[in-house]
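Counting starts at 1 for both ligands and their atoms, following the listed order.
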Amino acid sequence: MNERNVTTLPLEETGGRLTLDGGALAANYAALAARAAPAECAAVVKGDAYGLGLEPAAARLWQAGARTFFVALPIEGRRLRAVLPEATIYVLNGLFAGAEPVYLAQKLRPVLGSVEEIERWSAFCRGRAGPLPAAIHVDTGMNRLGLAPTDAIGLADRRDELAFPVALILSHLACADEPSHPLTMRQLEDFRAIVALFPGVPASLANSAGTLGDPALHFDLVRPGIALYGGRARADVSALRPVVRLELRIVQLRDVHEGEPVGYGAAQTARRHTRIAVLSAGYADGLPRLAGSSDLRRGAAVMIAGRRCPLIGRISMDLITVDVTDVPADEVQAGDFATALGAGIGVDDWARHAETIGYEVLTSLGRRYHRVWHD
Ligand SMILES: *Cc1c(COP(=O)(O)O)cnc(C)c1O
């Protein structure tokens, strides 16, 4: 397995250990593929495989059986191609002007999302490149990327004039994480009508939430991302197996008298004689600052010696402080590690405290941890 882009920093020089569970990643892929069958299950690996690391994650997904991959950018496609010479790779954000030769050289398929992009790809293929497959993205109500349905109808009428094969017709669900949202049914109906205009062309609509939802959303290919990596995709379905475990170094223990403040802004005051563990990671490592704690608002928590220890005070750039008063003194020492992800604490717990989503917590995971894959 080619992992030349993975540099593992020495644990003793870092503030934490990020352990990535290859077995859980493969199991999550298998679960989603079984759920999607007979549709094909692709893997979305944009955003550095949601922060896990593009190359090691993609190599394991390939081993688990994934053959079609989605990235956001041509530069991600180039990195992916270097480790997966045989994979089908789609670039979701479209056809970047000037990068056409990269799509050709790296065998990347653009997901064409506007009439202008379709014409530019067609012209490129009519020239020296030859007929290179691409996907067409049709917008069905998200109003982000993709052709307006009327443009898709126009395109279907003149499909014979295109100088490239349409390998996939795709749309994206805006609200699949909320099972009863009316927009999902409307998008499904509109997408069905579009798909009917392109007979013989495989179709794809479902993200993770759609893959875990109504099989009517599956079409020929599903595109899960977050669920592969152990994040929660739907409000009504718990996450698959967690893939990421994060342990943070305890650099110091100290005692704070009742009534004394902790951390920047003196945002939280000790309500009792409090024992504090200072951990060597902060918002520079992707721990969302909003998940800190104050007198007004409780923050996230970590696990130490099997006990839940709430954050106390704000999250600094490189440090957080947690309340370990209830941990027996002989069970916590400087040099030990606290579990910030794992032991029942997930990315969605941090996200809830930070008014964000697990996706953002994952993709923000720091680059200065000791990172190891465990298979
Ligand atoms: C990110 C993305 C996905 C994957 O979404 P998840 O919610 O992570 O499963 C699928 N399709 C498109 C177009 C995307 O941008």
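Within ligand 1, the atoms closer than 4.0 Å to a non-hydrogen atom of Arg144 are 15 (O), numbered from 1 in the order shown. Those atoms of ligand 1 with a heavy atom of Tyr50 less than 4.0 angstrom away are 1 (C), 4 (C), 5 (O), 6 (P), 8 (O).
At a 4.0 Å cut-off, not a single heavy atom of Arg234 sits close enough to ligand 1 to count as contact. Not close to ligand 1: Ala233, with no non-hydrogen atom less than 4.0 angstrom away.
The main-chain N or O of Arg241 is found under 3.5 Å from a side-chain atom of Asn28 such that the two form a donor-acceptor pair. Asp48 places a side-chain N or O within donor-acceptor distance of the main-chain N or O of Leu54, the cut-off being under 3.5 Å. Remark: side-chain polar atoms of Arg60 are paired, donor with acceptor, to backbone N or O of Pro56 under 3.5 angstrom.
Considering backbone and side-chain N/O of Ala209, none are found under 3.5 Å from N/O of ligand 1. Residue Ile226 has at least one nitrogen or oxygen atom sitting less than 3.5 Å from a nitrogen or oxygen atom of ligand 1, judged on distance alone. The distance criterion of under 3.5 Å between nitrogen or oxygen atoms is not met by His137 with respect to ligand 1.
The proximity of Pro224 to ligand 1, defined as any non-hydrogen pair under 4.0 Å, is limited to the backbone. Looking at Leu92 against ligand 1, only its side chain comes within 4.0 Å, counting heavy atoms. With a heavy-atom cut-off of 4.0 Å, Tyr359 touches ligand 1 through its side chain alone.
Closest protein heavy atom to atom 9 (O) of ligand 1: Ser208 OG, 2.5 Å.
A salt bridge links Arg297 with Glu355: at least one charged nitrogen is closer than 4.0 Å to a carboxylate oxygen. At a threshold of 4.0 Å, the pair Arg67-Glu40 does not count as salt-bridged, since none of the basic side-chain nitrogens sits closer than that to a carboxylate oxygen. Under the 4.0 Å criterion applied to side-chain N and carboxylate O atoms, Arg271 and Asp323 are not assigned as salt-bridge partners. Salt bridge Asp177/Arg234: absent, no basic N to carboxylate O contact under 4.0 Å.
Nearest residue to atom 15 (O) of ligand 1 from Lys46, His172, Met142, Arg223 is Lys46 (criterion: closest heavy atom).
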Residue pair Tyr103, Phe124: steps toward the ring pair (Phe, Tyr, Trp, His ring centres under 6.0 Å) verdict
CA-CA 11 Å; Tyr103 294 76; Phe124 183 63; 8.4 Å; no
